[in-house]
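First comes the structure, then the notes that go with it.
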2 protein chains.
Amino acid sequence: MKRHQVTIIDIAQKLNISKSTVSRALTGHPSVRSDTRQAVMELAQKMDYQRNMLAINLSSSQSKTIGIIVPEFVTSFFPIVIMGAQEIADQAGYSVLISQSNETYETEVANAKVMLANRVDGVLISMTRETKNYEHFDVFKRKGIPLVFFNRVCHDIETPKVVVDDYEGAFKATEHLILLGKQRIAHLAGPPSLYISRKRLEGYKDALRKHRRPVIDELIISYDLTLEKVKIYIKYLLDLSTPPDALFAVNDPTAIEAIKVIKEQGLSIPEQIAIVGFSNDYGSALIEPGLTTMAQPTREIGQVAAQLLLDQIHTDSSVWKPITRVLKTELIIRGSSQRI
Amino acid sequence: MKRHQVTIIDIAQKLNISKSTVSRALTGHPSVRSDTRQAVMELAQKMDYQRNMLAINLSSSQSKTIGIIVPEFVTSFFPIVIMGAQEIADQAGYSVLISQSNETYETEVANAKVMLANRVDGVLISMTRETKNYEHFDVFKRKGIPLVFFNRVCHDIETPKVVVDDYEGAFKATEHLILLGKQRIAHLAGPPSLYISRKRLEGYKDALRKHRRPVIDELIISYDLTLEKVKIYIKYLLDLSTPPDALFAVNDPTAIEAIKVIKEQGLSIPEQIAIVGFSNDYGSALIEPGLTTMAQPTREIGQVAAQLLLDQIHTDSSVWKPITRVLKTELIIRGSSQRI
DNA sequence: CCATTTTGTGGGAGCGTTCCCATGAAAATA
DNA sequence: TATTTTCATGGGAACGCTCCCACAAAATGG
């Protein structure tokens with residue numbers, strides 16, 4: 001049944017030396033005679049020997065693997081973050097175990113368990129929009145496994161984080177609409193459970209205040225990020241006695257959905273209603289009109305987060321330094337808010 | 001330094017029983033007295049015990065992990081395939097190790113090594129566009145590790161595959177353009193090293209032949225799928241003495257890029273030139289005009305591939321049954337080829 | 001009531017490494 | 001030449017688990 005694997009013992013026997021010597025030759029230990037090493041290397045090659053990470057991991061009690069938990073995979077944002085993280089991990093010789101929580105709290109908890117069971121050396125995580133209980137993160141802390149949050153971070157737990165300047169980004173996005181001469185700027189916000197939703201909302205409000213515009217409650221809608229609902233809220237906004245003449249959406253998928261709905265309703269963008277998103281996702285340049293958006297350095301987020309995690313792993317202090325890295329966003333102006 | 005992990009031995013000692021019994025209790029072995037099991041379970045819970053997969057894997061010589069190697073991560077296609085695969089893997093209690101080859105042969109080889117070293121129980125793979133040497137796949141065969149190809153498959157190696165009806169899809173796509181009354185239909189094809197490129201090219205040609213149209217060589221361009229080059233080829237096509245009035249692109253990213261270039265050139269789509277893509281990627285519905293495309297059941301590809309792989313893993317015959325599952329494509333008509 | 005089966009448990013090898021310690025030979029030093 | 005140092009190697013425990021085998025106590029049967 002069980003196919004035999006080529007082990008260092010096989011090599012040792014053929015060469016009539018001990019497995020210790022083979023191990024040393026293979027790992028590049030200095031105190032091995034060069035002809036011995038040579039012979040081992042050659043035979044290993046010839047026998048298709050592959051070091052068994054399972055054994056190495058067990059022996060060293062570390063898996064040389066980092067876990068990444070993301071809420072979803074469909075929009076381009078998370079895949080690109082993962083690319084960035086993987087680059088860094090690869091360079092450092094780490095494998096990457098990826099799982100997506102599907103925006104579901106239960107799945108996130110289950111994924112965390114899997115990571116734990118697989119003894120990952122650290123975890124990169126962006127929470128689901130539902131996550132309000134952080135017990136499953138505490139376990140990592142108790143076990144001394146580094147955790148780095150990115151994008152959707154958790155502020156009730158001391159840990160390194162990588163975020164963008166959500167407040168400032170939202171501020172600038174809103175200001176951009178104000179300077180365009182827009183009078184009634186609506187905001188389609190994310191759920192208050194997410195820190196980024198709150199920050200972006202704040203930036204939006206402060207921009208209005210700075211320019212002495214009223215903050216109008218009926219123009220602010222907080223929703224749970226399930227895109228199907230965008231249609232309902234847009235229709236609500238358009239049906240107001242004085243509808244908005246601009247919309248700042250919490251993220252690009254939301255903004256894109258909004259554009260679709262507004263076009264369906266026969267309104268012109270940006271004349272009747274201008275739109276700004278947040279992220280610069282893949283679709284933002286494709287949709288007509290192009291979506292003005294606050295670009296996030298997506299790949300860089302992944303790189304920085306991975307680097308931070310690796311740093312934590314290598315400094316084996318048991319306390320996590322709660323470093324927060326804030327990356328800059330950049331306004332990209334496209335047709336959805338262009339002055340014509 | 002090394003933090004102590006809670007092991008079954010810790011539990012055993014506290015309870016004054018042997019580790020065998022603890023192991024049995026934890027794994028649900030029948031011959032354990034129920035009060036013993038109860039006690040073990042409770043203590044395990046209380047002590048934050050997490051089974052160490054590293055040890056279990058080594059002991060059982062299997063990792064309960066499947067590997068997935070994809071060429072890239074940016075277009076929506078592969079992430080969605082992965083989602084599908086992960087669903088199936090999760091259900092079966094398998095973890096997923098993902099790596100992307102970045103469309104580079106060397107990286108693909110390196111990734112394969114990592115998979116091997118981590119003793120994955122099987123691998124799902126879609127090759128890079130450069131891969132012409134299959135030695136790194138043979139290793140899996142020699143070691144008896146199941147391999148399932150999807151999308152970009154390899155025909156020089158006997159293995160299960162999951163593909164879509166590329167020939168038929170291309171045939172229908174081309175026929176659609178013909179029925180639209182288009183006379184000179186160009187084809188921007190993929191590299192001949194990829195089976196899907198060849199099949200799609202064949203379908204295109206046969207559709208022309210069926211409708212007694214000439215196959216014009218100057219209208220057929222095979223390129224290496226690096227999107228930056230699309231611009232060059234489109235310009236070449238438009239500069240022909242009699243330029244094409246339709247374009248069938250090998251995939252959606254190519255088609256989308258083509259639309260952008262053609263719009264830049266000031267031509268009207270679909271009146272002057274109609275376009276059809278292949279895949280129904282995320283961007284296809286967003287771009288203006290919407291891209292007519294042959295939709296692939298993307299998520300299903302992942303599910304079927306993972307299922308096939310799991311089947312192979314569980315039937316422990318050493319020969320791979322070279323089952324090929326062909327999934328259906330479906331023509332989705334949008335603005336880029338609509339009769340107005 | 002003794003022989004036999006069942007049930008629950010303990011002991012220990014094995015999975016493939018690494019790494020520490022011991023050992024003998026060769027080389028360097030006194 | 002005697003003694004210490006270096007070098008290359010071997011032996012074996014450890015990593016945390018599973019699983020086979022053995023064994024005692026309890027249950028069953030004639």
Side-chain angles (χ1 to χ4, degrees), chain A residues 1-41 43-44 47-65 93 116-121 143, chain B residues 1-41 43-44 47-65 93 116-121 143:
Chain A
M1 270 336 69
K2 196 176 288 177
R3 55 184 182 271
H4 181 68
Q5 321 206 59
V6 182
T7 73
I8 52 170
I9 298 187
D10 298 323
I11 299 182
Q13 284 173 343
K14 288 225 178 178
L15 253 36
N16 250 316
I17 54 179
S18 80
K19 66 179 164 55
S20 309
T21 305
V22 176
S23 168
R24 277 186 289 253
L26 254 17
T27 51
H29 192 97
S31 74
V32 179
R33 245 199 357 247
S34 61
D35 56 334
T36 313
R37 162 166 295 126
Q38 184 74 17
V40 170
M41 292 303 213
L43 188 56
M47 292 178 79
D48 254 353
Y49 170 79
Q50 269 294 334
R51 52 210 294 255
N52 188 334
M53 291 308 287
L54 264 36
I56 295 176
N57 292 343
L58 176 60
S59 180
S60 63
S61 325
Q62 52 155 7
S63 59
K64 278 279 188 181
T65 299
L116 234 32
N118 281 299
R119 292 298 189 273
V120 293
D121 297 334
K143 303 230 179 220
Chain B
M1 273 332 74
K2 196 175 285 173
R3 53 185 182 273
H4 181 69
Q5 321 206 57
V6 182
T7 73
I8 52 170
I9 297 187
D10 298 322
I11 298 182
Q13 283 173 344
K14 288 225 177 179
L15 254 36
N16 250 315
I17 55 179
S18 79
K19 66 177 162 61
S20 310
T21 305
V22 176
S23 168
R24 277 186 289 253
L26 254 18
T27 51
H29 192 96
S31 75
V32 179
R33 242 196 4 242
S34 61
D35 55 336
T36 312
R37 161 167 293 126
Q38 183 74 17
V40 170
M41 291 304 212
L43 187 57
M47 293 178 78
D48 254 353
Y49 170 79
Q50 269 292 335
R51 50 210 295 256
N52 188 333
M53 291 307 287
L54 264 36
I56 295 176
N57 292 343
L58 177 60
S59 178
S60 61
S61 325
Q62 51 155 8
S63 60
K64 278 280 187 181
T65 299
L116 234 31
N118 280 299
R119 295 296 190 274
V120 294
D121 296 335
K143 303 230 178 217

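Lettering follows sequence order; numbering is per chain, from 1. Values below: all heavy atoms of this structure, side chains included; hydrogens, waters and symmetry mates excluded.
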Working to the nearest 0.5 Å, report the span between [atom1] of [X] and [atom2] of [Y].
| X | Y | atom1 | atom2 | answer |
| --- | --- | --- | --- | --- |
| A/N52 | A/T7 | CG | OG1 | 9.5 Å |
| B/M53 | B/T65 | CE | OG1 | 7.0 Å |
| B/M41 | B/I11 | CE | CD1 | 10.0 Å |
| B/N57 | A/L54 | CG | CG | 4.5 Å |
| B/I8 | B/L15 | CD1 | CG | 12.5 Å |
| A/I56 | A/S61 | CD1 | OG | 13.0 Å |

Rounded to whole angstroms, how far apart are [atom1] on [X] and [atom2] on [N]?
| X | N | atom1 | atom2 | answer |
| --- | --- | --- | --- | --- |
| B/D10 | D/dC15 | CG | P | 11 Å |
| B/Q5 | D/dC15 | CD | P | 10 Å |
| A/H29 | D/dG10 | NE2 | C1' | 14 Å |
| B/N16 | C/dT9 | CG | P | 13 Å |
| A/N118 | D/dC17 | CG | C1' | 14 Å |
| A/I11 | D/dT9 | CD1 | P | 15 Å |
| A/Q13 | D/dG10 | CD | P | 12 Å |
| A/I9 | C/dA13 | CD1 | C1' | 13 Å |

* Asked: If every non-hydrogen atom of A/S18 is compared with every non-hydrogen atom of A/A12, which pair is closest and at what distance?
  ->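 A/S18 and A/A12 have their closest heavy atoms at C-CB, 3.8 Å.
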* Minimum heavy-atom separation for B/D10 to B/Q5, with atom names? ->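 Distance-wise, the nearest heavy atoms are OD2-O, 3.4 Å.
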* Residue B/T27, side-chain heavy atoms: nucleotide from D/dG16, D/dT9, D/dT18 that is nearest ->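 Shortest atom-to-atom distance from the side chain points to D/dT18.
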* Under 3.5 Å side-chain donor-acceptor pair for B/Q50 and A/R119 ->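 No, because no side-chain N or O of B/Q50 sits under 3.5 Å from a partner of the opposite role on A/R119.
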OP1 or OP2 of [N] versus the side-chain N and O atoms of [X]: is any pair under 4.0 Å?
| X | N | answer |
| --- | --- | --- |
| A/S23 | C/dT17 | no |
| A/S59 | C/dT17 | no |
| A/T7 | C/dG16 | no |
| A/T36 | D/dT9 | yes |

Do any side-chain atoms of residues 23-34 of chain B form donor-acceptor pairs under 3.5 angstrom with protein atoms, and if so which ones, sequence neighbours left out?
unit_1 : atom_1 : unit_2 : atom_2 : d
B/T27  : OG1    : B/S23  : O      : 2.8
B/T27  : OG1    : B/R24  : O      : 3.3
B/R33  : NE     : B/D35  : OD1    : 3.0

* Touch check for A/T21, heavy atoms < 4.0 angstrom, all strands: base, sugar-phosphate only, or nothing? ->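 Sugar-phosphate, no base atom in range.
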* Asked: Using a heavy-atom distance cut-off of less than 4.0 Å, which residues of residues 48-58 of chain B contact DNA chain D?
  ->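 Those residues whose heavy atoms fall under 4.0 Å from DNA chain D, taken from residues 48-58 of chain B in numerical order, are B/Y49, B/N52, B/A55, B/I56.
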* Asked: So which one's nearest nucleotide on DNA chain C is more toward 5', B/R119 or B/R33?
  ->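 So the residue in question is B/R33.
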* Asked: Do B/K19 and C/dT9 share a donor-acceptor pair, side chain to base, under 3.5 Å?
  ->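 By the distance-only test, no, there is no pair.
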* N/O donor-acceptor pair, side chain A/S20 with base D/dG11, under 3.5 angstrom ->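 Under the 3.5 Å cut-off, the side chain and the base do form a donor-acceptor pair.
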Mind listing the N/O atom pairs, protein and nucleotides 21-28 of chain D, below 3.5 Å?
none

